[in-house]
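Following: one structure in structure tokens, then a few remarks.
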Amino acid sequence: MHPADVPLQDALDALADPVRRTIVRELAATPDWTRACGTFDLPVTKATRSHHFAVLRGAGLIEQRDEGPRRLNRLRRAEFDARFPGLLALVLAEPAGTAPAEPASDPGDGASADSGNGD
């Protein structure tokens with residue numbers, strides 16, 4: 001989705017997650033189209049990683065393109081800044097390393113974080 005079509009709540013929801021903010025910060029620090037999805041060191045499962053990229057794409061924060069077997073990413077900084085001035089600057093100013101690990105399930109529920117429950 002183009003950032004011009006994104007409601008503010010969708011943008012805020014996308015940026016509320018610390019893992020997604022990590023992705024945004026890492027993309028901001030690299031040239032466009034140089035980072036494949038699998039190159040991000042994230043504390044989440046592959047399925048959850050895919051979900052995070054889909055949320056960022058749906059909120060107009062990133063653009064993706066397939067190049068051979070890899071899916072490359074670009075932060076849509078200029079477009080997003082035009083729609084939500086200053087919002088990305090706040091995210092990028094946040095200290096790196098503030099994203100916690102994927103939350104563990106309650107020990108009493110018999111589930112684990114990697115149980116394949118649709119994350």
Q | Spacing of Q64 atom CD and F53 atom CZ [to the nearest 0.5 Å] | A | 6.5 Å
(Q) With side chain to side chain contact (heavy atoms under 4.5 Å, CB included) as the test, pick out the partner of F84 among D81, L87, L88. (A) L87
Q: Verify the cluster assignment for V91 and V19: are they in a single hydrophobic cluster under the rule of side-chain heavy atoms below 4.5 Å apart?
A: yes
Q. Within 45 degrees of the axis of the six-membered ring of F40 and under 6.0 Å from its centre: does R49 put its NZ or CZ there?
A. no
(Q) If I take atom CG from residue D66 and atom CZ from residue R71, how far apart are they, to the nearest 0.5 angstrom? (A) 4.0 Å
Q.
How close do A14 and L56 get, counting heavy atoms only, and between which atoms?
A. O-CD2, 4.3 Å
Q. So does E94 pair up with R25, basic N to acidic O under 4.0 Å?
A. yes
(Q) Do L15 and R20 have side chains that approach each other closer than 4.5 Å (heavy atoms only, starting at C-beta)? (A) no
Q) What is the distance from atom CD1 of I23 to atom NE2 of H52, rounded to the nearest 0.5 Å? A) 6.5 Å
Q | Interatomic distance, L42 atom CG to C37 atom SG [nearest 0.5 angstrom] | A | 9.5 Å
Q) Can you get from V55 to L8 by hopping between Ile, Leu, Val, Met, Phe, Trp and Tyr side chains that sit under 4.5 Å apart? A) no
(Q) Check this for me, if you would: do R65 and E67 make a salt bridge, where the nitrogen-to-carboxylate-oxygen distance has to be below 4.0 angstrom? (A) yes
(Q) Under 4.5 Å between side-chain heavy atoms, counting indirect links through other Ile/Leu/Val/Met/Phe/Trp/Tyr residues: same cluster for L72 and F80 or not? (A) no
(Q) Between E79 and R74, does any side-chain N to carboxylate O distance fall below 4.0 Å? (A) yes
Q | Minimum-distance pair of heavy atoms, taken over all atoms of A11 and A59 | A | CA-CB, 4.5 Å
(Q) Assigning hydrophobic clusters by single linkage (Ile, Leu, Val, Met, Phe, Trp, Tyr; side-chain heavy-atom cutoff under 4.5 Å), is L12 placed with L61? (A) yes
(Q) With a 4.5 Å cut-off on side-chain heavy atoms, are L92 and R77 touching? (A) yes
Q) For M1 and R57, what are the C-alpha separation, side-chain angles and deciding distance, and is it a side-chain contact (heavy atoms from CB on, under 4.5 Å)? A) CA-CA 7 Å; M1 177 176 288; R57 193 174 54 249; over 6 Å; no
Q.
Quick check: is V6 connected to L90 through a chain of hydrophobic side chains (ILVMFWY, heavy atoms under 4.5 Å apart)?
A. no
